[in-house]
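Report on the structure given below.
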Amino acid sequence: MNKTIGFIGCGNMGAALARAVGKSVAREAILLADLDTKKSAALAIELGAKVSTAEEIAKTAFCVVLGVKPQGLEKTLAPLKEIFAK
């Protein structure tokens, strides 16, 4: 069974959650995506995690954590609607 945990949104909230999870799961099991790819890349280096895309996380992760502000949810989730509906 796929045990990856994907974080969509790597700002303050998403990064804090990813850091906390990184203390108890294998770092290579953490997938990171952010609209600002510099944020996800920097956090991936810090954690030893993998950079991904929101779409890939939605398709493959066992668990998805949204670290997105309420005003950004619609823009973030709209392209993922069909993936999550499956």
Side-chain angles (χ1 to χ4, degrees):
M1 176 180 269
N2 179 5
K3 294 292 185 177
T4 56
I5 301 173
F7 292 84
I8 299 174
C10 296
N12 291 334
M13 181 176 22
L17 292 169
R19 287 183 187 106
V21 168
K23 293 178 182 178
S24 60
V25 303
R27 302 289 176 104
E28 60 272 6
I30 298 174
L31 305 174
L32 304 167
D34 195 279
L35 290 175
D36 181 348
T37 57
K38 290 179 183 179
K39 283 184 183 180
S40 54
L43 186 59
I45 291 168
E46 176 188 334
L47 298 180
K50 297 178 186 175
V51 175
S52 190
T53 64
E55 292 81 7
E56 193 61 29
I57 288 171
K59 288 177 186 176
T60 64
F62 174 74
C63 176
V64 177
V65 178
L66 295 174
V68 180
K69 292 180 181 176
Q71 61 269 28
L73 279 175
E74 186 174 336
K75 180 179 180 180
T76 302
L77 293 177
L80 308 176
K81 184 178 178 180
E82 289 184 29
I83 297 168
F84 284 132
K86 293 180 181 179

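- At least one side-chain heavy atom of L73 sits less than 4.5 Å from a side-chain heavy atom of L66.
- Contact of the L80 side chain with the E55 side chain is registered, since non-hydrogen atoms from C-beta on lie closer than 4.5 Å.
- Atoms CD and NZ, from E74 and K81 in turn, are 10.0 Å apart once rounded to the nearest 0.5 Å.
- A 6.0 Å sphere centred on CD of E82 holds no more than 12 heavy atoms belonging to other residues, nucleotides or ligands.
- Here the rule is side-chain contact (heavy atoms from CB on, under 4.5 Å) with F7, and of V65, L43, V64 only V65 fits it.
- For the residue pair E28 and K50, the shortest heavy atom distance occurs at O-CE, 3.4 Å.
- Cluster membership for V25 and I45, using ILVMFWY side-chain heavy atoms within less than 4.5 angstrom, is not shared.
- Taking CD1 of I8 as the reference point, atom CD1 of I57 lies at 5.0 Å (rounded to 0.5 Å).
- Annotation: D36, atom CG; neighbour count of heavy atoms from other residues, nucleotides and ligands within 6.0 Å is above 12.
- Of all the heavy atoms in A49 and L32, the pair that sits closest is CB-CD1, 3.8 Å.
- In terms of heavy atoms, C10 sits closest to A15 at O-CB, 3.8 Å.
- Using a 4.5 Å cut-off between side-chain heavy atoms of Ile, Leu, Val, Met, Phe, Trp and Tyr, with links allowed through other members, I30 and V51 fall into different hydrophobic clusters.
- Shown are L77, D34, T76, L35; of these, the side-chain contact (heavy atoms from CB on, under 4.5 Å) with V68 is made only by T76.
- A pairwise comparison of heavy atoms in K69 and M13 identifies N-CE, 4.4 Å as the closest pair.
- When all heavy atoms of A33 and S52 are compared, the pair lying nearest together is CB-O, 3.6 Å.
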